[in-house]
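Read the numbers this way: they start at 1 and go in the same order the structure lists the ligands and their atoms.
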Amino acid sequence: MSFELPKLNYSYDALEPYIDARTMEIHHTKHHQAYINNLNAAVEGTELEGNSIESILSNLDMNNKAVRNNGGGFYNHNLYWAVMSPNGGGKPTGDLGEAINIAFGSFENFKDLFSKAAATQFGSGWAWLCVDKDGKLTVCSTPNQDNTLMPGVGCGGFPILGIDVWEHAYYLNYQNRRPDYINAFFNVINWEVVSERYIKRK
Ligand code: MN3
């Protein structure tokens with residue numbers, strides 16, 4: 001059983017004007033598909049074949065660059081599509097809303113911290129909201145296709161929200177204006193999905 005490109009729950013133009021249809025289509029059908037093809041080739045015939053992506057990444061040999069880059073690329077984009085929705089935006093309520101207030105003081109403080117982590121990630125990478133091993137919320141960023149499931153990346157935990165800050169995620173619409181893309185992302189965050197991930201892991 002090889003890894004497959006997930007279907008999106010919305011059309012490519014559904015996130016406009018925040019994320020444009022052309023970017024979504026190329027990102028999903030070309031970039032994400034390429035990570036999946038390369039990941040399948042990298043695990044085929046090895047002891048990793050048949051394992052879940054969570055298990056592969058959590059126990060990863062970080063020197064295995066093919067699995068690190070493409071397994072990360074597969075997992076990270078699955079999360080990215082899932083945490084966005086044309087009906088997104090606003091603020092989380094319930095347990096997650098409360099936990100954000102406790103961890104960061106307020107939703108606005110969290111937004112500032114997350115946006116800063118995303119804006120200041122040098123070059124390509126991701127910013128994350130994670131649940132750490134003690135059940136606490138943390139924000140951090142990682143380079144390239146690394147993520148917080150991988151051993152020793154410097155910030156750890158189960159990612160419940162992630163933003164792709166590779167230029168391919170925003171350049172057609174925003175060019176060099178990464179902060180504008182990050183700000184726009186907040187209008188499409190599917191807090192229901194993020195909350196479900198939080199409740200599963202806290
Ligand atoms: Mn990407």
Is H31 close enough to the Mn ion (ligand 1) that one of its N, O or S atoms comes in under 2.8 Å? no
Angle subtended at the Mn ion (ligand 1) by H168 NE2 and H77 NE2, to the nearest 10 degrees, is 140°
What angle, to the nearest 10°, do the atoms OD2 (D164) and NE2 (H27) form about the Mn ion (ligand 1)? 90°
Could you tell me how the ring of H168 sits relative to the ring of H27: parallel (under 30°), tilted (30 to 60°) or perpendicular (over 60°)? perpendicular
Result for side-chain contact (heavy atoms from CB on, under 4.5 Å) between S115 and one of I163, I182, T120, N183 points to I182
List the steps, then state whether side-chain contact (heavy atoms from CB on, under 4.5 Å) holds for Y35 with F3. CA-CA 10 Å; Y35 294 121; F3 297 109; over 6 Å; no
Looking at N38 and A34, would you say the former's side chain and the latter's main chain have a donor-acceptor pair under 3.5 Å? yes
